[in-house]
Amino acid sequence: MEIRVEKIRKEFDLYPALHDVSLDIKSGELIALLGPSGSGKTTLLRLIAGLEQPTQGRIFFGNEDASYKSVRERNVGFVFQHYALFRHMTVAENVAFGLTVRPKAQRPPKAEIRRRALELLDMVQLSGLEKRFPNQLSGGQRQRVALARAMAIEPKVLLLDEPFGALDAKVRKELRRWLREFHDRTGHTTVFVTHDQEEALELADRVVVMSQGKIEQVGSSDDVYDRPNSPFVFSFIGESANLPVTVEGGAVFFHGAPTGLSAQRDGAARLFFRPQDVSLADEGPGFTGPVTASRRLAGTRIAEVELGSSEEPCHVEIEVPLDAAASNGSVLSFRPTRWKLFY
Amino acid sequence: MSSRAFKNPISESAPVRLTLIFIVLAFLALFVLTPLLIVFKEAFGKGSGEYVAALQEPDAVSAIRLTLLVAAIAVPANLLFGVAASWAIAKFEFRGKAFLITLIDLPFSVSPVISGLVYVLLFGANSFLGPFLKSYGIQVVFAVPGIVLATIFVTFPFVARELIPLMQDQGTGDEEAAISLGANGWQAFWYVTLPNIKWALLYGVLLCNARAMGEFGAVSVVSGHIRGLTNTMPLHVEILYNDYNVVGAFGVASLLALLALLTLVLRTILETRYGSELSAGQKH
C-alpha cells in the first residue's frame, strides 16, 4: 500500500505542529521518521493513522483519499509507544481483540479467532505465553504482543510510535534486528517514529529527517549521512563541526586566512565537516590552533582544537591518528577532506 | 565492627513507638468503638424479642423501605452521572473544565442543611416551580421526590471524585488502541474503559451508597417528618429517640451501624486487593 501525504498542515490551538508536509511512501517500504522532540514526527504518524485530523492537506492510501476517514476505516496497525495493552485481558485476548470487536457478519467463529491469535503469537515468537497477562511479561515481550495485536486486523500499513523507546539497550538492538526481519518477511508498508538516529539509519530503507514541523531531508541512510542537504541535518545526524567562513574569488577564508579549500559562490557561509573527514597538514594553508582537550575513543583519538581569535574562539573536534602528537597545548594543523558549505 | 546495633534512621525507638500506638488505640476505643458498642447494647437492652419487634413496627419498616428506595434511585443516578462526568473530564479537552470539576465538588463544601433548603426554596409552596408542579399533581417538597433530589445532590461527588483522577492518570491510550483495532465507541467503553475503572467504580458506589442511606441534614429539611411516609432511617432514629423509645431508636441505628461496618469491610477488601487499580491518593 502506497501512502501519499500532500501538503499536510496541523495546528494545535493555533500553534502549528506541522507546516505543509509532503511525503511519498512506497509500497512495502520501511520508513523512519527521525527528529528531535517537538519536530512533529509523532503528529505526522498519528495523522497517517487517522488518530488526528489534519487542519489542511490530504492523505492518500493508494489512490484513495483517506484524509477524512476515521482510524477504524483506514485499517492501519498502530503500535503505541507504551504499547497500550489491555491489562485485564490475557495475551491471547489482547491479540484477538481486533477480531472479536468486528460486526457479527464479518466476525470469524470463536475457534478461528483463537487459531489466528495463536498463529500471530507464534509469528512474534511468543508461543506458550497466551494465558499470561501483560504485567507478567517483559518490555520486549509486551512490544511483540502489541505488534501481533496490530497485525491481527490484517492492516495495509503498520505504524509504530517510538517502538523501542521504553526498552533497555540490549533488548533494543535485538528487537531492531527482529523487526527488520519481520518486515522483510511480511512485506508491510511500515512507518516508525524514532529520535534515535542509530536506530533510524540501521533499520530504515529511507529516513525522513524532521525539524520544527518540517521535513528537512528524505533519503537513504547514506544520503542523509554523507549528503546532508541542510545545516540541521548535518549537525543532527552524526558528529560534525561547523565554522563561519567567507568565500572570495573562489577561495575559502577563515578569520582572514586562506584555508586551502575552494568554492564556486562568494559570500559568508558556514563550513561543515565530520571529525573523521580531516587530514593533518603540516605545510600549506589549513586550520591551525592549539589542542585544548583530547580523549581516547576506542581505536582513535579525538582532539578538541581551538581556532579563530582568542576573543571569539571556535572549538572543533577532529579525529587524529593515535600516534599524532596531540597532547594539550600542542598545535595542530588540519584540512577537511570532505566538507560542505551552507550560505 | 561497631558493637552498637544498626539504628534505622527513619524509625523511632521501641518505647516511643509503643506509646504512640497506645494513644491511637485508646482514642479509637474511646471515640469509635465505644459508641458502636453502645448502639448495639442499647438496641438489645431489653432482649432480642424487643429488638425484633422494634424493627417490625410499621413506621420502622416504612422508614427502611423508603431509605432503600431512595438509595436505589440516587446511587444508580450518580453512577451514571459520575461515569459520564469523569469520562468527559478525563478524556476530552473543553472550555470550562476546571469550573465543572469545582461544581462537582460543590456538595462537599456546602452544608447539607443548605442544600436541603435550596430544594425547599426551589420547589416549596411559595416558590415558582412548586405551585406549577402541584397543578399537575406533583408534590416535590415534603414528599419522596424531594428526598431523592436532596440525596442525589449530597452524594453526587462520590463516584465522579473516585474516577476522575484514575481516568486522568490512565489517559486515552487504551481507547485509541481499541479504536485503531476497529472497535466502535461503545465497544471501547465496554471492553476497555469500564474494566480499567471497575474497582474504583465499585469503591465510589459503595461510598455513595453509605452516604445516601445515612444522609440526615439535607433530607431532614425536605422531608417534613411524616411518620410512615417521608421518614428515612436516620430521621426515624431521631424521632424515636425524641419519643424516649430507646430500643426502637437504637434498633434502627444498629442497622445503619451494620451498613457502615459492611461498607468498611468491603472497602478494606477493595483497597488491599485492588489498591493499585484504585486512584492513587485523593481518598476522602
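Here is how names work: the chains are called A, B, and so on, in the same order as the sequence lines, proteins then strands, and each is numbered from 1. In what follows, every heavy atom counts, from backbone to side chain, and hydrogens, waters and symmetry copies are set aside. Predicted model, so just to flag it, every value in this text is computed and none were measured.
Taking a 6.0 Å sphere around CZ of B/F99, one finds it holds 12 or fewer heavy atoms contributed by other residues, nucleotides or ligands. The number of heavy atoms from other shown groups lying within 6.0 Å of CG (A/D184) is above 12. Crowding of A/Q212 atom CD: a count of heavy atoms from other residues, nucleotides or ligands under 6.0 Å not exceeding 12. For B/F27, the CZ atom counts as loosely surrounded, since its 6.0 Å shell holds 12 or fewer non-hydrogen atoms of other residues, nucleotides or ligands. In the displayed structure, B/Y191 atom OH is contacted under 6.0 Å by at most 12 heavy atoms of other residues, nucleotides or ligands. Counting non-hydrogen atoms of other residues, nucleotides and ligands closer than 6.0 Å to CZ of B/R95 gives a total of 12 or fewer.
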Kindly list each side-chain donor-acceptor pair under 3.5 angstrom involving residues 150-157 of chain A, sequence neighbours excluded, with atom names and distances?
from, atom 1, to, atom 2, distance (Å)
A/E154, OE2, A/R116, NH2, 3.2

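We find the CZ-CD distance between A/R46 and B/E176 to be 4.0 Å, quoted to the nearest 0.5 Å.
In terms of heavy atoms, B/G182 sits closest to A/R72 at O-NE, 3.2 Å. Heavy atoms only, all atoms of each residue included: A/A84 and B/G173 are closest at CB-O, 3.7 Å. Nearest heavy-atom pair, B/S180 versus A/F80, reported as atom, atom and distance to 0.1 Å: OG-CE1, 4.1 Å.
Neither the backbone nor the side chain of A/R74 comes within contact range of chain B; no heavy atoms are under 4.5 Å apart. Of the atoms belonging to B/A178, heavy atoms from both backbone and side chain fall under 4.5 Å from chain A.
For residues 89-115 of chain A, heavy-atom neighbours of chain B at less than 4.5 Å comprise A/M89, A/F97, A/G98, A/V101, sorted by residue number.
With contacts defined as side-chain heavy-atom distances shorter than 4.5 Å, the pair A/F86/B/P195 does not qualify. Between B/D174 and A/R87, the closest side-chain pair of non-hydrogen atoms falls below 4.5 Å.
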